[in-house]
Amino acid sequence: SEESELYHAQIHLYKHVYNFVSSMALKSAMELGIADAIHNHGKPMTLPELSSSLKLHPSKVNILYRFLRLLTHNGFFAKTTVKSNEGEEETAYVLTPSSKLLVSGKSTCLSSLVKGALHPSSLDMWGVSKKWFHEDKEQTLFECATGENYWDFLNKDSDSLSMFQDAMAADSRLFKLAIQENKHVFEGLESLVDVAGGTGGVAKLIHEAFPHIKCTVFDQPQVVGNLTGNENLNFVGGDMFKSVPSADAVLLKWVLHDWNDELSLKILKNSKEAISHKGKDGKVIIIDISIDENSDDRGLTELQLEYDVVMLTMFLGKERTKKEWEKLIYDAGFSRYKITPICGFKSLIEVYP
Ligand SMILES: Oc1ccc2c(c1)OC[C@]1(O)c3cc4c(cc3O[C@H]21)OCO4
């Protein structure tokens, strides 16, 4: 009926208005260390046990309950019952696979990504979106709001830079699984350069899995300046828009989505130059989102399209469809490529000269 369509539309609209509350509840859970408290408790944890573990004022217990109720509904915690000393059944909370990603110290901990992605520096810019749409300048929403390029912001504020690098390193640690599932991509390589490799999170994983591969982390001088490696893991400072150190393979993980086509083409052409000594045996390994327009996984596509808008608003970057990757790869002069889905929402794209 017309009414039910209206009511469904209303719920759809209100859900999108208040999606941020679920994001902020997740951020609060990360900041409070709820997952750590339950993990360290070693068994289901009641609300009073959790509240005192978090050192919350007694007046906050009911607030904690209301946040846990939403987070449990959203699949971040689960409820069970435990016997109290007096033999009564009491509700207790346990972790789910999603909140296990918030347990600190584990290689799968994504807390620093939650912190970075939901930091005011990623959110405040949305206050000027109308002005941004109506201005004639081609700049990011971030620049429109702050007057400066996001990378300049990171390079001038060491706390933000380390927060960003911690987030990238967290995501890279999950990449360990992808390496194990795709060993063939790295077998046979004698050297690899991780372009925009930051503090070397990925290079360390590759070095652990393939100790004989000579790994070079290539990033801006102020990023790698004072980092020291070992005989098969070294750090080189430079500008990927000018040239890339030569190696058998170039790795571009979560890099090209930060840049528009013109600049991505530059990075790819410099990467092609870097592997040119290897002839047909050289390769460029791209790890990024490849949007599958025919996918029926609406949740996955929603995340990929959200990342596209995040890249647009912060870097004038973009997430690319398979067709867009193909055009970029061929425009850069490569002859063929192979796309393998990895890490749930990203793809590993092997590109050959
Ligand atoms: O190439 C990438 C890959 C992921 C991310 C990037 C850029 O920036 C946006 C983002 O939402 C983000 C913004 C951040 C952050 C981490 C973070 O993760 C997200 O730490 C500080 O601000």
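The chain is numbered in sequence order, starting from 1. Just so you know, ligand 1 is whichever comes first in the structure, and atom 1 is the first atom listed for that ligand.
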Strictly under 4.0 Å, does any heavy atom of His257 approach an atom of ligand 1? yes
With atoms numbered from 1 as shown, which atoms in ligand 1 lie under 4.0 angstrom from a non-hydrogen atom of Ala167? 16 (C)
For a 4.5 angstrom cut-off between non-hydrogen side-chain atoms, does Tyr337 reach Tyr330? yes
Taking both backbone and side-chain atoms of Ser121, is any N or O found less than 3.5 Å from an N or O belonging to ligand 1? no
Other residues, nucleotides, ligands: >12 heavy atoms within 6.0 Å of His8 NE2: no
Numbered atoms of ligand 1 (with element) below 4.0 Å of Ser122, judged on heavy atoms: 13 (C), 14 (C), 22 (O)
NZ or CZ of Lys183 within 45° of Phe210 ring axis and under 6.0 Å: yes
Quickly, which of Asp171, Asp288, Asp194 forms a salt bridge (Lys or Arg N to Asp or Glu O under 4.0 Å) with Lys253? Name it, please. Asp171
Region of Asp171 that comes within reach of ligand 1 [heavy atoms, distance under 4.0 Å]: neither
Decide whether an N or O pair under 3.5 Å exists between Ser160 and ligand 1. no
Between Lys83 and Glu90, is there a salt bridge with N-O shorter than 4.0 Å? no
Tell me, do Glu148 and Phe142 make a side-chain contact under 4.5 Å, heavy atoms counted? yes
Quick one: salt bridge (charged side-chain N to carboxylate O under 4.0 Å, His left out) partners of Asp297, sequence neighbours excluded? none
Which residue and atom name correspond to the protein heavy atom nearest atom 17 (C) of ligand 1, and how close is it? Met168 CE, 4.0 Å
Say whether Leu113, considering both its backbone and side-chain N or O atoms, lies within less than 3.5 Å of an N or O atom on ligand 1. no
Using a heavy-atom cut-off of under 4.0 Å, does the side chain or the backbone of Tyr150 touch ligand 1, or both, or neither? side chain
The atoms of ligand 1 lying under 4.0 Å from a heavy atom of Val310, numbered in the order shown, are 9 (C), 11 (O)
Considering only protein heavy atoms, which is closest to atom 14 (C) of ligand 1, and at what distance to one decimal place? Gly116 O, 3.4 Å
Could you check whether any heavy atom of Met163 sits closer than 4.0 Å to an atom of ligand 1, since that is the contact criterion I want to use? yes
In the protein, which heavy atom is nearest to atom 12 (C) of ligand 1, and how far is it? Ala117 CA, 4.1 Å
Looking at every non-hydrogen atom in both residues, tell me the closest pair between Pro353 and Gly279 and how far apart they are. CG-O, 3.4 Å
Met311 contact mode with ligand 1 (heavy-atom cut-off under 4.0 Å): side chain
Using the rule that two of Ile, Leu, Val, Met, Phe, Trp, Tyr join whenever any of their side-chain heavy atoms come within less than 4.5 Å, decide whether Leu110 and Met168 are in one cluster. no
Which atoms from ligand 1 have a heavy atom of Asp258 less than 4.0 Å away? 1 (O), 2 (C), 7 (C)
Can you pull out every side-chain hydrogen bond (donor to acceptor under 3.5 Å, both in side chains) where at least one residue sits in residues 195-210? Sequence neighbours excluded, please. none
